[in-house]
Amino acid sequence: MIMRSLRRTMVSGGAMLSLATLSACDLAPTYHPPTYVVPATWHGQAPFATATPADTQLPSNWWTALHDPQLDALEDKAMAANADLQAAAERFVQARAMVMQARADLLPHFGLAFGASDNKQSADRLFRYKGALTQTDEFYGGLASWEPDFWSEIRNQVRMAKYSAQQKAADFAAARLSLQAELADDYVALRGYDAQDAIYRKSIAYYQQAVSVTQTQLTNQAAPRLDLARAQNRLYVTQAAELDILAQREVTEHAIAILTNSAPSGFHIAPVDVLHFTRATIPVGVPSDLLQRRPDVASAERQMAQANRAIGVSRAAFYPHISLNANGGFDANGFDLANLANSMWSYGASASMPIFEGGLRRAALQASWASYRETRDHYRSSVLSAFREVEDGLSRTDRLWAENDRLKAAVSAALDMQNMTMTLYKGGLSAYLDAIIAQEAALDAQISQVQVATRYFQAEVGLIRALGGGWNDRLLPTPDQTMTFSVLQYDGLHHPAPAGGIAPPADETPYDDLTGATTLRTGTGTVRVGQ
């Protein structure tokens, strides 16, 4: 398919037969992406309903399934402003430029040459020819050279450059997915800290009341001094735990600021008291679809295709290299150059072929084969890792959701126990040690439930990331789409046209100022983001 496309773009008319003949000299092995036997279903069972045929593909903005407007705003900002993502886009542009650089060797090269000199000889020079001591020389002319690509060495280098650009496009998609997932994961963690902080604040208020109750009991000589010490200890320990949660929240908030290209000092997300994420319905699909959904797998496959073409380049080094050269113009001792008598020209062909180089080219060929096998092994490893990550995500989401249900029941029972023991203590029917035990159980159950719920939503994010986040290898630019300009185009080179949906920002200064912040209000709260 690539060769047919190359013929359409580079030849027409009678030249078709010539290039078709040369195409038979392609020395690269026939490339077939490896195929693996994959299971028909997933081993892990997630608690998701079977998706309808219309919902078998994740949306590109998959994070909206969590139904959090603040997260939506942060993701949009990160996609537009993250410096690492923009750098990945520029690497794709650089790879496209390398395609054009490699393709240039397929075409004849033309140039102009002109110059003038005025030379004076020494009057005392030995064996000087009698005559003028000075001599002028002026010339101008044209140069042309071309290397017929008999062994497809240049064409294979062009194909390698195109495959490399496709690989960089897949790497960009992988970087974008990684950024989206990391931001969503951090945001879920932040909201988990918010929920824990709300529990600690509520528990601290309850423990402060407990200290007052024990103080009253001690004053009325209805309780020993030990009860007051126990109540105070429970209060202080909980206050310290809250400070630790707040520190972790601030660190996570700073990480989100960096991901959105904002200065941490001017960035703040208003806290909330509960986890309000919606459980997502994730279309898992069948295992065989995963190879088309993962950008890292596509990148590994394009790298393998490059290594396959490199074998053809190494093989071509064993055959003669032929180049055609011509030049012509005018050369004279005066300024009367445009005279047929002063014309000069030359043309010719040269061929070179290695005879003995001590195994240099054989070593290069051997290395190219080894490199190809290495990329094949890397591709196989990428495929296996992709399957493992999906299976891990399915197992985590399944178990964590069931664990969350059990902990919700434990929280309800612990809160009932806490209230009953305190009532009994106030009535003098129970020791305060029972109340302390109930308070610890209630706080631990609530914190554990929030932590597990947080881990569940993070596992959802991880599963979506493992499934490719709505990406598909059909989004990769075709080999011909990696080319950025035509042969005679000299404008619009600073920012080439987008390809594969990748377009680096044309304006280089919209996010340079990291000193300020703006406030974005949503239906569920306020989030301040950098300018």
Side-chain angles (χ1 to χ4, degrees), residues 66-74 183-213 231-257 264 267-279 400-401 403-422 435-461 519-528:
L66 296 176
H67 295 91
D68 190 303
Q70 293 184 1
L71 176 59
D72 297 345
L74 291 170
L183 177 56
D185 187 89
D186 287 347
Y187 184 80
V188 170
L190 183 81
R191 291 315 188 193
Y193 293 136
D194 284 346
Q196 292 181 61
D197 181 53
I199 293 172
Y200 279 120
R201 284 188 280 108
K202 184 177 180 180
S203 297
I204 288 172
Y206 183 87
Y207 298 157
Q208 288 172 339
Q209 293 179 0
V211 170
S212 298
V213 170
Q232 290 174 334
N233 172 265
R234 182 75 268 178
L235 173 63
Y236 299 148
V237 168
T238 306
Q239 289 175 334
E242 184 198 15
L243 292 175
D244 184 72
I245 288 296
L246 292 176
Q248 295 182 57
R249 185 194 191 279
E250 290 178 358
V251 171
T252 304
E253 190 176 55
H254 298 163
I256 295 176
F267 182 90
H268 179 65
I269 300 176
V272 296
D273 291 341
V274 294
L275 281 174
H276 54 265
F277 300 114
T278 302
R279 189 184 183 195
L400 287 173
W401 187 257
E403 183 179 357
N404 185 55
D405 285 340
R406 302 299 187 277
L407 285 173
K408 285 181 179 180
V411 167
S412 179
L415 290 175
D416 289 342
M417 181 173 62
Q418 176 181 257
N419 295 332
M420 287 187 292
T421 55
M422 181 56 68
I436 288 292
I437 294 174
Q439 291 169 5
E440 291 180 350
L443 179 60
D444 291 344
Q446 292 178 85
I447 294 298
S448 296
Q449 188 272 322
V450 169
Q451 290 176 341
V452 168
T454 302
R455 288 169 55 198
Y456 168 78
F457 288 112
Q458 288 178 317
E460 272 195 356
V461 172
T519 301
L520 175 66
R521 299 189 179 277
T522 66
T524 57
T526 301
V527 55
R528 297 178 64 222

* Determine whether V450 and Q446 make a side-chain contact, defined as any pair of heavy atoms from C-beta on separated by less than 4.5 Å. => no

* Starting at CD of Q418, measure out to CD1 of I437 and round the result to the nearest 0.5 Å. => 13.0 Å

* Would N233 and Y207 count as a side-chain contact (heavy atoms from CB on, under 4.5 Å) if you check the C-alpha gap in whole Å, the side-chain angles of each, and the deciding distance to 0.1 Å? -> CA-CA 10 Å; N233 172 265; Y207 298 157; over 6 Å; no

* Do the side chains of R279 and E460 get nearer than 4.5 Å, heavy atoms only? -> yes

* Approximate separation, where rounding is to 0.5 Å, of M417 CE and S412 OG -> 11.5 Å

* Asked: Q209 and M422: side-chain contact (heavy atoms from CB on, under 4.5 Å), yes or no, with the steps?
  -> CA-CA 11 Å; Q209 293 179 0; M422 181 56 68; over 6 Å; no

* Asked: So, do Y206 and Q439 sit near enough that their side-chain heavy atoms are less than 4.5 Å apart?
  -> yes

* Structure fact -> For T454 and A189 the tightest heavy-atom approach is CG2-CA, 4.0 Å

* Should we say atom CZ of R201 is surrounded by more than 12 heavy atoms from elsewhere, each under 6.0 Å from it? -> yes

* Asked: Rounded to the nearest 0.5 Å, what separation is found between the CD1 atom of I204 and the CD atom of Q208?
  -> 7.0 Å

* Structure fact -> Value for OG1 (T252) from CG (D185), rounded to nearest 0.5 Å, stands at 9.5 Å

What pairs of donor and acceptor atoms, side-chain ones from residues 235-249 against any protein atom, are under 3.5 angstrom apart with sequence neighbours left out?
from : atom 1 : to   : atom 2 : distance (Å)
T238 : OG1    : R234 : O      : 2.8
D244 : OD2    : Q248 : NE2    : 2.7
Q248 : OE1    : Y193 : OH     : 3.1
R249 : NE     : D194 : OD1    : 2.3
R249 : NH1    : E253 : OE2    : 3.3
R249 : NH2    : D194 : OD1    : 3.4
R249 : NH2    : D194 : OD2    : 3.4
R249 : NH2    : I269 : O      : 2.8

* Structure fact -> Closest non-hydrogen contact found for L400 with A459 is CD1-CB, 4.0 Å

* What is the distance from atom CG of L443 to atom OG of S448, rounded to the nearest 0.5 Å? -> 9.0 Å

* Spatial distance of atom CE (M420) from atom CG (L415) [nearest 0.5 Å] -> 10.5 Å

* Could you tell me how the ring of Y456 sits relative to the ring of W401: parallel (under 30°), tilted (30 to 60°) or perpendicular (over 60°)? => tilted

* For the residue pair A255 and D186, what are the closest heavy atoms and their distance? -> CB-OD2, 3.9 Å

* **Test log, rule side chain to side chain donor-acceptor pair (under 3.5 Å), inputs Q196 and R191** => CA-CA 9 Å; Q196 292 181 61; R191 291 315 188 193; over 6 Å; no

* Structure fact -> Taking every heavy atom of A445 against every heavy atom of V411, the minimum-distance pair comes out as O-CG2, 3.3 Å

* Asked: Is L66 close to Y187 at the side-chain level, that is, under 4.5 Å between some pair of heavy atoms?
  -> no

* To do: Could you tell me which non-hydrogen atom of L275 sits nearest to which non-hydrogen atom of A453, and how far apart they are?
  => CD1-CB, 3.7 Å

